[in-house]
*Asks:* 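For reference, the structure I am asking about is given below.
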Amino acid sequence: MSVECSWDLRAQTSPRSLCVYKAAGYEANTSTNPFDVAVTQQDHQAHSVVFGTERGSLHSRTFAPPSKESFHRNSPPQAPLESPRHYMPVDLKNGMPGVVVNIVKAANQIVFLVLVDDNRGTSAQQPGAYSAHLVSLRHGAFTPIQHSLPRMSCATYHSSCGFVYAAGKSVISFFPDQDKVIFNHTSALPSPGARSGQDALQVVGNGKVAVVAVGNSFYAVTEETTQMSVKLLSFAQSSQVHPVICVNVHDPTIEEGWSCLFLASGRECAVVDLQHSHHQVSCSPPRHGVVTMASPILAAGAVWPWVAVLTSDGLISVRSPSCMAIPLRTVEVGTRPNDYFVIRTLLQEKLMVAISYSGEGKVLQFQPDTRQDMADRLMKLAIDAFGASGFPRTEVAEAVSASFTATSYVGPEPTASSRALLRQYLEAVLGLADFD
C-alpha cells in the first residue's frame, strides 16, 4: 500500500462523517476543449465525497483520480501531490440541527440519509440515538426532502431493500420513493439495542440478512418477520468510546449463499463466514480466532484480497482475511493519535481514502506483494517461530532468496503462538486453510 495523493476538503469545521461515490459525467481529461473531452475514454473516473461536520453543515467535493502514471511507478513520491478538484464545491452551512454523524447514499440517485446527533438521546417511544433526514443533491445545491423519519442509531443502503436502519431492538428498511418494505422487525434485537456508528450495520446475502452490533456482540436478522436474531460473535471488550465495525469483505472464493465479514470492537477483530439459506442463518468460528491489535480500531475497509484496518495510532495495516494476525504492509497516515477516523473504498484501481478531523484526506493504493516481500516476511516469521539458530536459516534464506536484512533478523524468544502464526501464514499463502 502506498499514498498516491492527498485531498484537501477545505472544510471550515471538523468533518465527522463521510460518503464516497463515483462522480457522474466526468471524464479524466484535463483539456478545456469540450470536443477533446467528449471523445476521451473513461479510464479513471473522478470521485465525489459528501461529508458532514461538527456544526451540522454538509459539503460536497469532487476530486480527479490520481494520474495514470502513478499506478505503474515502483515507489511513491516523497511528498504526495494534491489531487485537483474539477467541480465547484457545494455547501449547506448549518443545515442540520447538530453534529452530522453518518451519511448514507442511495445507489441509483443522489439522495442521502443523514443522521444527526441533536443531543436528545433515546426514549421508549423513539429508541434511536440520532434524528434522520433525507437530503438530495441536484443542480449544484443540497435540498432537504420533506419526509417524516423516525430516530435511528445506524443505517446503510442496499439496492435490494433500500435504506436499512436499526433503532433500539428494531431493524427496518424503506425506499424513499415507494412503499416496498423488506425488513420490518420491531423487536428482533436483544437489549440494550443496536449500537450507533458509521459501520455498525451491514446488509449481506443479496439483501436478505442484516448484521447489527449490540454491545460487544454482532447479531444477524433475516427478512423473515418471524425469525429472531442470531448471535454471530461476541468480543471480550465492550468499548463504548471506540466504534464497532462490520465490513463486507466480498470474498469471491466462497460458495453462493455465504458472506465473509470483518467484525471489530475495541482492539479486537475477526473474520467470520456467514451462511444464509431458507431464512436460516449460521456462522462459522472466526478464521484463526480473534485477533487483538496493539491500538483500538477506528475504521476498516475491504478490497479483495485485503482488509485495511485503521487504528488510533494513525496507522493503516493491510492484512489478509485468512490471516488477520499478520500485517502485510503498514502505512502511517496521521502523526497525531485519533486524527484520522474513517476510511472508504474507492471503486476503481483498488484505491482507498482516509479522512482526518482536520479535513485532510489521503488516497491509498493497494499493491500486491513482490516475491522479495513474501520471502523476507517468511524468513522473519520462521525466525520468530524457531529462533535464529533453531532451523537451517542459511539454507532457507538461499532457497527463498531472502534479503540480508531479513536473514540477519534476530527476533524474540520462540513461542508456541509464534509457531502457530507461521503455520497460519503458510496455510493462507498456499491456500490450504479450511474454515468450514
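Any value given below was found using the heavy atoms of this structure, including those in side chains, with hydrogens, waters and symmetry copies removed.
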*Asks:* Between Gln275 and Cys283, is any pair of side-chain heavy atoms under 4.5 Å apart?
*Replies:*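 When only atoms from C-beta onward are counted, Cys283 and Gln275 do not touch, as no gap falls below 4.5 Å.
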*Asks:* Between the side chains of Ser282 and Gln280, does any donor sit under 3.5 Å from an acceptor?
*Replies:*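 Side chains of Ser282 and Gln280: no pair found under 3.5 Å.
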*Asks:* Kindly indicate whether the side chain of Lys22, heavy atoms from C-beta on, has any atom under 4.5 Å from the side chain of Ser48.
*Replies:*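 Not in contact.
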*Asks:* So with a 6.0 Å cut-off around CZ of Arg419, is the heavy-atom count from everything else above 12?
*Replies:*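 Counting other residues, nucleotides and ligands, CZ of Arg419 exceeds 12 neighbours.
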*Asks:* State which residues pass side chain to side chain donor-acceptor pair (under 3.5 Å) with Ser153; sequence neighbours excluded, sorted by chain then number.
*Replies:*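 Counting only residues at least two positions away or on another chain, Ser153 forms no side chain to side chain donor-acceptor pair (under 3.5 Å).
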*Asks:* Please set out all donor-acceptor pairs under 3.5 angstrom arising from side-chain atoms of residues 323-339, sequence neighbours excluded.
*Replies:*
from   : atom 1 : to     : atom 2 : distance (Å)
Arg329 : NH2    : Asp373 : OD2    : 2.7
Arg336 : NH2    : Asp339 : OD2    : 3.3

*Asks:* Less than 3.5 Å apart, any donor N or O on the side chain of Arg55 or Ser57 sitting next to an acceptor on the other?
*Replies:*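 There is no such pair between these side chains.
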*Asks:* Go through Arg10 and Asp91 one step at a time and tell me if the salt bridge (Lys or Arg N to Asp or Glu O under 4.0 Å) criterion holds.
*Replies:* CA-CA 11 Å; Arg10 286 167 170 78; Asp91 303 299; over 6 Å; no
*Asks:* Give a yes or no on whether the ring-centroid distance for Phe163 and Phe175 is below 6.0 angstrom.
*Replies:*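 No - the distance between ring centres of Phe163 and Phe175 does not fall below the 6.0 Å cut-off.
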*Asks:* CD1/Ile245 to CG/Leu261 distance, rounded to the nearest 0.5 angstrom?
*Replies:*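 Rounded to the nearest 0.5 Å, the CD1-CG separation comes out at 13.0 Å.
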*Asks:* Is Asp369 salt-bridged to Arg377, cutoff N-O under 4.0 Å?
*Replies:*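 Looking at Arg377 together with Asp369, the answer is yes, because their closest N to O distance falls below 4.0 Å.
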*Asks:* Tell me, please, whether Tyr21 has Lys105 positioned over its six-membered ring: NZ or CZ under 6.0 Å from the ring centre and within 45 degrees of its axis?
*Replies:*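 Because its charged atom sits under 6.0 Å from the ring centre and within 45° of the axis, Lys105 does stack over Tyr21.
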*Asks:* Are side-chain heavy atoms of Cys246 and Asp199 found at a separation under 4.5 Å?
*Replies:*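 No, side chains not in contact.
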*Asks:* Name the orientation class of the two ring planes belonging to Phe386 and Phe391 (parallel below 30°, tilted from 30 to 60°, perpendicular beyond 60°).
*Replies:*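 Geometry flag for Phe391 against Phe386: tilted rings.
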*Asks:* Given salt bridge (Lys or Arg N to Asp or Glu O under 4.0 Å), test Asp251 with Arg287 step by step and report yes or no.
*Replies:* CA-CA 13 Å; Asp251 187 348; Arg287 297 185 179 184; 3.2 Å; yes
*Asks:* Assess whether atom NZ of Lys362 is packed by more than 12 heavy atoms of other residues, nucleotides or ligands within 6.0 Å.
*Replies:*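 For Lys362, atom NZ is crowded (more than 12 foreign heavy atoms under 6.0 Å).
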*Asks:* Below 4.5 Å, heavy atoms only, C-beta onward: do Val164 and Ile172 meet side chain to side chain?
*Replies:*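 In short, these two side chains do not touch, never coming nearer than 4.5 Å.
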*Asks:* Quick check: His47 with Phe63 (ring centres under 6.0 Å apart)?
*Replies:*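 That pair fails the under 6.0 Å test.
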*Asks:* I'd like to know if the side chain of Asp117 reaches the main chain of Tyr130, judged simply by a donor and an acceptor atom lying under 3.5 Å from each other, with no hydrogens or angles considered.
*Replies:*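 Not a single qualifying donor-acceptor pair exists.
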